[in-house]
Chemist: 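The structure's right below; bear with me while I get my questions together.
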Amino acid sequence: MNGMVGTFLVIVRRDLTLAMRRRTDVLTTLFFFVIVASLFPLGVGSEKTMLRFLGPGVVWVAALLASMLALERLFASDFADGTLEQMLLTPQPLSVLVLGKVCAHWLLTGLPLVAIAPLIGLQYHLQGATLWVMALALLVGTPVLSLIGAIGAALTLGLRGGGILISLLVLPLYIPVLVYGSGAVAASTIDLADVQPFIALLGAFLVLALAFAPLATAAALRISVE
Amino acid sequence: MNGMVGTFLVIVRRDLTLAMRRRTDVLTTLFFFVIVASLFPLGVGSEKTMLRFLGPGVVWVAALLASMLALERLFASDFADGTLEQMLLTPQPLSVLVLGKVCAHWLLTGLPLVAIAPLIGLQYHLQGATLWVMALALLVGTPVLSLIGAIGAALTLGLRGGGILISLLVLPLYIPVLVYGSGAVAASTIDLADVQPFIALLGAFLVLALAFAPLATAAALRISVE
Amino acid sequence: MSPAEDVSPTPTAAPARHAPARLDVVGLEVQRGDRRLFTGLDFSIESGELLHVRGPNGSGKTTLLRALCGLLLPQAGEIRWNGEAIRRLGEEFTRNVIYLGHLNGIKHELTGLENLRVAATLDGDRVEDAALWQALARIGLAGFEDLPTLVLSQGQKKRVALARLMLTSARLWILDEPFVALDTRAVALLETLLVDHVARGGLLIMTTHQEVALTSGTTRTLDLGSTA
Amino acid sequence: MSPAEDVSPTPTAAPARHAPARLDVVGLEVQRGDRRLFTGLDFSIESGELLHVRGPNGSGKTTLLRALCGLLLPQAGEIRWNGEAIRRLGEEFTRNVIYLGHLNGIKHELTGLENLRVAATLDGDRVEDAALWQALARIGLAGFEDLPTLVLSQGQKKRVALARLMLTSARLWILDEPFVALDTRAVALLETLLVDHVARGGLLIMTTHQEVALTSGTTRTLDLGSTA
Amino acid sequence: MKLHWFHFSAPSTFYGLAGRMTPWFLGLALVTGVIALYWGFFETPDRLGGSNPQKEYYRIIYVHVASAWMSMWLYVVVAGWSAIGLVFNTRLSYMMAVSVAPTGALFTFLALFTGAFWGKPSWGTWWDWDPRLTSELVLFFLYVGYLALHSAIDDTRRADRAAALLAIVGLVMVPVIFWSINCPDPNQCAALHQRSSMSDIDGNILFGMLGLTFAFWMYSFATSFMRVRSIILERESDTGWVAEQLQKEGVR
Amino acid sequence: MMEFLAQGGYAFYVWSCYGMAVVLIAAELVALQRRRRTILSQLGRLKRMREAEEQR
Ligand code: HEM
Ligand SMILES: Nc1ncnc2c1ncn2[C@@H]1O[C@H](COP(=O)(O)OP(=O)(O)OP(=O)(O)O)[C@@H](O)[C@H]1O
Ligand SMILES: Nc1ncnc2c1ncn2[C@@H]1O[C@H](COP(=O)(O)OP(=O)(O)OP(=O)(O)O)[C@@H](O)[C@H]1O
Ligand SMILES: [Mg+2]
Ligand SMILES: [Mg+2]
């Protein structure tokens, strides 16, 4: 057991180090999120009520896309340079390694989104509590995105055009998170009391994802590395 | 001169063959476009007037993202397997090779978007002329996206996380196309006569891009390959 | 101030003899794409033996090796470690294996030292820094230990990968063309490592197009049918 | 119905003698990362000569070769083709060069035949299909011509890349470890190709860790300082 | 019994079996289809009153509902075969999964198309983000993802197993996805949107719907068998029995 | 009869649905036939190649 935790930490530290060597990776995801979210006012014009109405949906869609694009890199480089096949050959349970990688990945790509989201919200004239609800919803929701996306990333390993193929596989699976995530924010604009069940649902998703996604991902990896 | 046209055609044919070996690549871009466009109603709800207002913006943003993501694959595989450095060593002018690749790339990713866009328009309750204006705007606009994007693709060659890094470099450059492209559609909902100048501007962008983008891309490639 | 100076000429890897073990392959059939590479392949190898898998390009050497360490699921047949199917053993088996293939399995952003540390930790091997430095020094990377491996040359990268051999306590080594891209000095060093491993009662399965003559242990050869 | 059958043992590439040419390197300095690999490097090679660049791993062989064919801009010094700086010659120079590096430069989705055709066309070489089939057959890929190269093994892929040597009319061949991953038969064939090229008055610059003994033309060697 | 199963799970034997069954299924599909449509067009009123009045265009319902239902059922079938494949590592199961999927995608598209063409006259719009429609659209995406993944991988074995895993993950997620679409606001999920009000549908219409659904089902058997036969040939091309088979079929 | 075809003025909607159904089904069947024919011809070619090998 302790061994497992140890392995988990080794992987997390390793991936964080790697990311620090290339800080851009972290920033790019963040900026992508910001840019995409900022494109819409350019596309649809900047009418206040309209934007306020769009806000939650746009932010969530942007988050979906950002975390999905980042996912493409979750295993890609490990696969290309052969470190992944080495991981398959270590005496450690693969799903733990996977969990470690996903965790590191979320810390690097998901967390920053949560932090910056309120600023985006301001762009859409959301105010007060709504902003915090949005941050909270993202905090619970984005890990689910990473966990589910990992499966897609593992399946599309090393395929040409993996990036966009992942989105094809994964985006439909993201829908529940999108619906309840943006739903929560939308609800909060009307009555804060209504928000709670949305968050609860997202929480339930997170627990389930934590339980099953790593196993599925591990299986997918074994298939893909062959 | 004839030699140049010959080279151009060789490259185009080569890349089309490559794509045909993997028809999915074409479809994925297309469906990415469709899926992204379909996500928004799930996020913002399905109120008719709202959607009709959102339509042009969403379609264009989706097109931006789709063509940008596809770009990541423009040079990546050629770089990875060394065919790119071989191209640098052929007696052919590099910018012609580049133009060939971009052209093939647009035929495979841009054109399908133009074709499907009207259907998306229907989902957003756009009617009649508006749909055609949208298709036309995309027809003129998407090649510009490919040409500009190629520069970004060349610059980010072989960098981990290229995909999302490209978007950083390129999306800001896409903004004018986005503005006038969605502007054209929005205008057409009010008065068809107003559309013409938008299209004209997009056309001007296209001409400029055709003239300069390949040169810039070629230069970028020489730097990246070293 | 790397401890690279005090390099002992004697092998640094734990010189303890390996517990005896055997690997049996029965009726192995592997298919790649739609080509059956081999069917009904039987052989076995035990402690202190070297199996040299030979064959022209495309005869299936790499494929076989990947199947042997469990990366690739064979169509039919079984691979047994001490009589137990490796599928069933799972981590119990991989604990005993070290595989170095066409890919080096090192991260370009990490230094040689960090690469080695992570790899060894995951393998569950001893990882005092001294040991790491020493291993890298012996393999001839003294001075390169803390450069990101990105900037190393083809052969230097290969060396970083090979350094693991000096730390692992795995009994079964599976090496796919380990000599590729190495200069003569590195080749010589690697040969001593292999000899030593076999001498200590390890199992060694390797492919190479060079001629190998390991002075100790019994050397068996397995010839895979030509295709090209 | 491939014309692969009627393979003549004689080389199929245009057997015409090459026009004389010379490559001069003056005061070349190349820096990688922050390491100066070599400074003030001078040498020249002319028709009918083979330059064997030797050196331990990491001594800068690949780097030098890439600089020579213009892929990499040197910090200082100049490379002259028949007295003209290659920078200024541009396509005029690349027309005369064929470079095969650590990467094979073939597309996995295309068949060996298609790969060869595209490459030759871009090089501006003769491309009757017969010639292509014949080249592939000679290099020992008969029967694999129209498989996607993805499914070929390490060595088979390498062979596809090498097949270009039989079609090109380039005078300057720059080969980085061409023998890697080839089985003995392929190695022998490649050697005859190289001998033949030099004999026809071509220039050949190559690196390899194996020993090369080409029976014709003058063989010079350039030793790059050890680093490891 | 068990033996019997493994006998037929061998591609070589199944190839023949599938070949013999195909015409029967095709015939059955044709007959039931014709009967169902005749009934649906001539034994039913031209206009519907009642809870939701409809004009002649309600006759789209036969093809519409039949295809919608098949689209969903076939996805379950694909996932089922995939699961069997992953568990027992039987090549045939993967082949079946792969050969059912395209037909499923076809029906999904048909459901969307007919739905749209029904929506126009009855709702006055080609498309509405009605939950049922959206669900169908998502299902279409799931099919496309499955097919895209499978065809993006060249090594058939990896393709089979990867796609299989995806299909299963998809099947697990489908209820959640559809639920979230049907009930975007957990505070008021009691009132689900327009359920298919099968109850108040005229029996003859129901007969037509069910008849055509059955026809489509038989059709999907036939097509998947035809497809699996080609796949078997492609993959077993280098085996002896294929050679004999070719002799039998007199291939030159 | 005409009146049947007219479907009370909704002919376009009704028949384009059934039309699409027919088209799709026909297309699939044709595609399947073609796929089978191509694989068979390929196998035939392979067979002949092998026989040619055995001649020599
Ligand atoms: C593009 C997708 C779809 C569209 C545009 C669409 C549209 C329609 C329309 C306009 C009706 C007429 C009945 C009414 O107005 O209430 C209808 C009925 C019906 N649809 Fe759909 N539909 C679609 C997808 C589906 C799906 C996925 C199902 C799943 C089974 C489905 C099942 C039914 C059923 C059972 C009816 C019978 C009439 C009723 O019970 O209300 N449809 N649909
Ligand atoms: N992913 C794949 N899909 C289909 N076929 C493959 C795949 N990988 C390898 N093959 C086939 O398997 C055969 C054996 O490949 P393998 O790499 O094992 O050969 P090898 O003995 O290692 O050759 P080399 O000495 O060149 O490394 C090759 O001829 C190739 O055609
Ligand atoms: N991209 C790079 N950035 C920084 N330094 C580099 C880079 N590539 C190579 N180097 C350095 O240049 C040196 C020479 O590399 P090069 O690949 O030319 O060696 P080599 O002679 O080809 O070795 P080998 O025989 O292993 O191929 C290496 O020691 C490495 O440290
Ligand atoms: Mg190999
Ligand atoms: Mg080198």
Side-chain angles (χ1 to χ4, degrees), chain B residues 1-26 73-101 104-105 108 157-158 215 218-226, chain D residues 30-32 62-63 65-75 86-87 89-111 113-125 127 148-150 157-158 160-161 164 168-170 172-174 176:
Chain B
M1 187 50 215
N2 186 358
M4 281 202 189
V5 178
T7 325
F8 176 81
L9 292 180
V10 172
I11 292 292
V12 173
R13 197 173 299 113
R14 163 183 179 274
D15 281 16
L16 291 183
T17 327
L18 283 174
M20 283 308 114
R21 293 288 152 84
R22 307 240 184 181
R23 273 189 217 73
T24 45
D25 284 9
V26 186
R73 302 206 309 280
L74 181 52
F75 299 113
S77 67
D78 284 0
F79 178 67
D81 59 27
T83 43
L84 187 59
E85 68 185 14
Q86 291 298 340
M87 286 187 192
L88 296 192
L89 292 178
T90 56
Q92 321 297 345
L94 187 53
S95 55
V96 174
L97 300 181
V98 167
L99 194 58
K101 286 191 70 67
H105 185 265
L108 291 165
L157 211 50
L215 298 173
L221 281 179
R222 291 199 188 283
I223 296 169
S224 302
V225 168
E226 172 158 316
Chain D
V30 174
Q31 193 171 357
R32 252 5 198 108
T62 300
T63 312
L65 264 50
R66 292 180 70 84
L68 289 183
C69 55
L71 282 175
L72 186 148
L73 183 65
Q75 262 68 19
I86 64 173
R87 277 282 144 194
L89 285 173
E91 275 106 27
E92 279 315 304
F93 171 64
T94 50
R95 174 187 320 288
N96 299 293
V97 185
I98 190 163
Y99 166 75
L100 299 181
H102 285 304
L103 290 171
N104 289 327
I106 61 176
K107 298 233 61 92
H108 287 175
E109 296 83 6
L110 297 182
T111 68
L113 200 62
E114 293 165 325
N115 271 298
L116 204 51
R117 187 182 291 121
V118 172
T121 323
L122 290 183
D123 289 349
D125 294 324
V127 285
T149 48
L150 168 90
K157 289 180 182 128
K158 186 95 182 177
V160 175
R164 274 176 66 201
T168 182
S169 55
L172 173 59
W173 290 7
I174 301 184
D176 196 354

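Lettering of chains follows the sequences in order, A, B, ..., and the numbering in each one begins at 1.
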Chemist: With a 4.5 angstrom heavy-atom cut-off, which part of B:V10 approaches chain D: side chain, backbone, both or neither?
Modeler: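 Answer is side chain: those atoms of B:V10 sit under 4.5 Å from chain D.
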
Chemist: For D:E114, is it the side chain, the backbone, both, or neither that has a heavy atom closer than 4.5 Å to a heavy atom of chain B?
Modeler: side chain

Chemist: Donor-acceptor pairs are to be reported for all side-chain atoms of residues 80-87 of chain B against protein atoms at under 3.5 Å, with residues two or more places apart or in another chain.
Modeler:
residue : atom : partner : partner atom : Å
B:D81   : OD1  : B:T83   : N            : 3.0
B:D81   : OD1  : B:T83   : OG1          : 2.6
B:D81   : OD2  : D:K107  : NZ           : 2.6
B:T83   : OG1  : B:D78   : O            : 3.1
B:T83   : OG1  : B:D78   : OD1          : 3.4
B:E85   : OE1  : D:R66   : NH1          : 2.9
B:E85   : OE1  : D:R66   : NH2          : 3.2
B:Q86   : OE1  : D:R164  : NH1          : 3.1
B:Q86   : NE2  : D:Y99   : O            : 2.7

Chemist: Heavy-atom pairs under 4.5 Å with chain B: which of D:N104, D:L73, D:V97 has the most?
Modeler: D:L73

Chemist: Of the non-hydrogen atoms in D:T94 and B:L89, which two are nearest, and what is the gap between them?
Modeler: CB-O, 3.3 Å

Chemist: Are B:T7 and B:L97 side-chain neighbours, meaning at least one heavy-atom pair lies under 4.5 Å?
Modeler: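 Result yes, sub-4.5 Å side-chain heavy-atom pair found.
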
Chemist: How far does CD1 of D:I106 sit from CG of D:N115, to the nearest 0.5 angstrom?
Modeler: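 The CG atom of D:N115 is 5.5 Å from CD1 of D:I106, to the nearest 0.5 Å.
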
Chemist: Heavy-atom cut-off 4.5 Å, strictly under: side chain, backbone, both or neither for D:L122 against chain B?
Modeler: both

